[in-house]
**Q** 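Sharing a structure with you now.
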Amino acid sequence: MSTDHRTKKALHPFLLSMADDELALGHRNSEWTGHSPILEEDIAFSNIAQDELGHSLVWYTELEKHTGKSPDAMAFERPWEEFTCCHFVAYPKGDFAYTVVRQFLFDVGEEVRLTSLLQSSYAPFVDIAGKLLREEEYHILHLRGLIERLGDATDESHKRMQAAVTMAFPQALGVFEKLSTEDDLIQEGVFPGNEKLQSQWLESITPVLQSASLSLPIQQKNGTITPHCKPDNGGRSRNHTPHLQQLIDDLQVVYRAVPGASW
Amino acid sequence: MVITESDLWEALGTITDPEIPVLSLVEMKVIRSVSVGHDRAHVVISPTFVGCPAMDMMKSEIRNKLVSFGINHITIETTFSPPWSTDMLSEETREKLRLFGIAPPPQRGANLQADLAQPVRCPFCSSEQTVLESPFGATLCRQLFFCQGCRQSFERFKPL
């Protein structure tokens, strides 16, 4: 019973980090609605935004079982200082190259984490991961296609994609920042830990980017890939950039204008 | 009067999908199970896509329908086990989709890319000279095609 209770407490930062990441990136993607370079990508990023917001709803709903706080309260009533998303998902949407690279790096990270949760000792994660992975498959297929085509299509596209990778890679490492309860989660078999997930993520993204003529600040030795740059950490300990404040202000403005309104 | 589970299945079968009004939530396999006791009912649903904005509306329509039977204690549980899949849709349901103008989804194999590469028949002119314009569409459950036979855009239910 006490172990069960400890596991549940250890789950909070994990659930919250996943929910907050999805909410913030979903919001950033929605900023492309009506503004994408071509209609098909407008539709694609609006869909991806909606999927990520849906995923945040699933994690907030799971969290509600432990805390009693509703998903709406978590998304719309919480001050921005209390979010635990990584810096990566809160940065402005940038140009389309940055958007594509960020989404690819994030989605592969999500795929790696969800795949690990299929083996989780926490039963609800097994069902949730099975469901969300089916949606993620579409994102990764689409984003990988864009990376492959834009990476070395023209000098201009290569230049922009390379700049995006150079900028986004250290930021993306922040997804795998160690959680306060990480050791308990690993010990209880909830997930294998961010260090392991980051290695799997590196193995997955590196060949795709390299085959698109895009280089990464990494070291490859004896089949092991390690980052050769400083990770952009801080989000998990609520040490945020001003971009998150802007994002949350924007996200909550309607809800805060008329509290409790329904339509 | 005793209300049976088959009464409720029949009633819930009249609630249509807000985005595909020719199909009911029962045909869509969104409603998984129904159980009824004295003055209470329990319904298990599985969402198509978790970000589907119609889920709240579906829940409130299920609730209203059960209230109309005089049932006061209603619980609606969401399950992801097994996850909802277009493979659950019957042949009859697929035909209804096609007549509505949405190409039905193919069976899901192990490889999504291979599934998407299969020829697709235009729901309007039956030509197989069609091109996938986008794996995404106007709603989460649809994707965009163009038919070179009748030179029209059409949608297909996204295989999930």
Side-chain angles (χ1 to χ4, degrees), chain A residues 19 22-23 25-26 29-30 32-33 36 38-62 64-65 71-72 111 114 117-118 123-146 148 262-263, chain B residues 19 29-30 32 44-60 76-88 105-117 131-146 153 155-160:
Chain A
E22 302 269 12
L23 183 75
L25 191 57
N29 286 335
S30 77
W32 282 106
T33 304
S36 295
I38 54 171
L39 180 63
E40 286 78 3
E41 289 311 315
D42 209 294
I43 294 168
F45 272 88
S46 302
N47 270 245
I48 292 170
Q50 215 175 330
D51 279 339
E52 304 296 33
L53 293 177
H55 297 180
S56 78
L57 176 63
V58 171
W59 298 126
Y60 285 133
T61 304
E62 190 57 35
E64 183 183 21
K65 290 187 197 163
D72 273 0
E111 184 189 39
L114 289 172
L117 293 183
L118 292 173
F125 281 172
V126 179
D127 290 344
I128 292 172
K131 174 69 184 162
L132 302 193
L133 274 169
R134 296 171 88 90
E135 300 185 2
E136 280 305 317
E137 227 181 328
Y138 273 96
H139 298 192
I140 292 184
L141 187 64
H142 186 66
L143 270 303
R144 205 176 55 210
L146 285 173
E148 282 163 0
S262 65
W263 61 80
Chain B
E19 285 174 345
K29 310 286 183 188
V30 166
R32 282 288 174 80
V44 179
I45 62 169
S46 57
T48 52
F49 287 76
V50 294
C52 175
M55 287 313 297
D56 276 348
M57 187 174 169
M58 292 180 190
K59 282 187 202 168
S60 79
I76 301 175
E77 179 193 334
T78 300
T79 184
F80 298 130
S81 176
W84 186 89
S85 164
T86 42
D87 287 354
M88 294 170 173
Q107 291 288 324
R108 275 303 314 272
N111 184 322
L112 178 61
Q113 201 161 10
D115 294 343
L116 295 180
V131 185
L132 177 66
E133 292 276 310
S134 170
F136 301 99
T139 70
L140 290 184
C141 56
R142 302 182 195 188
Q143 41 193 200
L144 217 56
F145 280 79
F146 185 75
S153 295
E155 291 179 304
R156 176 172 78 170
F157 204 102
K158 202 189 218 177
L160 186 74

**Q** Less than 3.5 Å apart, which donor and acceptor atoms pair up between the side chains of residues 138-145 of chain B and the rest of the protein, not counting sequence neighbours?
**A**
from     : atom 1 : to       : atom 2 : distance (Å)
B/Thr139 : OG1    : B/Cys141 : N      : 3.4
B/Arg142 : NH1    : B/Glu155 : OE1    : 2.8
B/Arg142 : NH2    : B/Glu19  : O      : 2.7
B/Gln143 : OE1    : B/Arg156 : NE     : 3.1
B/Gln143 : OE1    : B/Arg156 : NH2    : 2.9
B/Gln143 : NE2    : B/Pro135 : O      : 3.0

**Q** Under the ring pair (Phe, Tyr, Trp, His ring centres under 6.0 Å) test, which residues partner A/His139, sequence neighbours left out?
**A** none
**Q** How long is the span from the NZ atom in B/Lys158 to the CG atom in A/Asn47, to the nearest 0.5 Å?
**A** 5.0 Å
**Q** Of the listed residues (A/Gly54, A/Ser56, A/Pro124), which shares the most heavy-atom pairs with chain B below a 4.5 Å separation?
**A** A/Gly54
**Q** Nearest 0.5 Å, what's the CG-SG distance between A/Asp51 and B/Cys52?
**A** 10.5 Å
**Q** Please classify the contact between A/Leu141 and chain B as side chain, backbone, both or neither, with a heavy-atom cut-off of under 4.5 Å.
**A** side chain
**Q** Search all heavy atoms of B/Phe136 against all heavy atoms of A/Tyr138 and return the closest pair with its distance.
**A** CZ-O, 4.0 Å
**Q** In terms of heavy-atom pairs under 4.5 Å with chain B, which of A/His55, A/Glu137, A/Glu52 leads?
**A** A/Glu137
**Q** Could you grab the distance from atom CD1 of A/Ile140 to atom CG of B/Leu112, nearest 0.5 Å is fine?
**A** 11.0 Å
**Q** Under a 4.5 Å heavy-atom cutoff, which of A/Glu41, A/Glu40, A/Arg134 has the most pairs with chain B?
**A** A/Arg134
**Q** Nearest 0.5 Å please: distance from the NZ atom of A/Lys131 over to the OG atom of B/Ser81.
**A** 11.5 Å
**Q** Identify which part of B/Pro82 has an atom lying under 4.5 Å from any heavy atom of chain A, answering side chain, backbone, both or neither.
**A** neither
**Q** Working to the nearest 0.5 angstrom, can you tell me the gap between B/Gln113 CD and A/Arg144 CZ?
**A** 5.5 Å
**Q** How long is the span from the OG atom in B/Ser46 to the CG atom in A/Asp127, to the nearest 0.5 Å?
**A** 11.5 Å
**Q** Does any heavy atom of chain B fall under 4.5 Å from the side chain of A/Leu132, the backbone, both, or neither of them?
**A** side chain
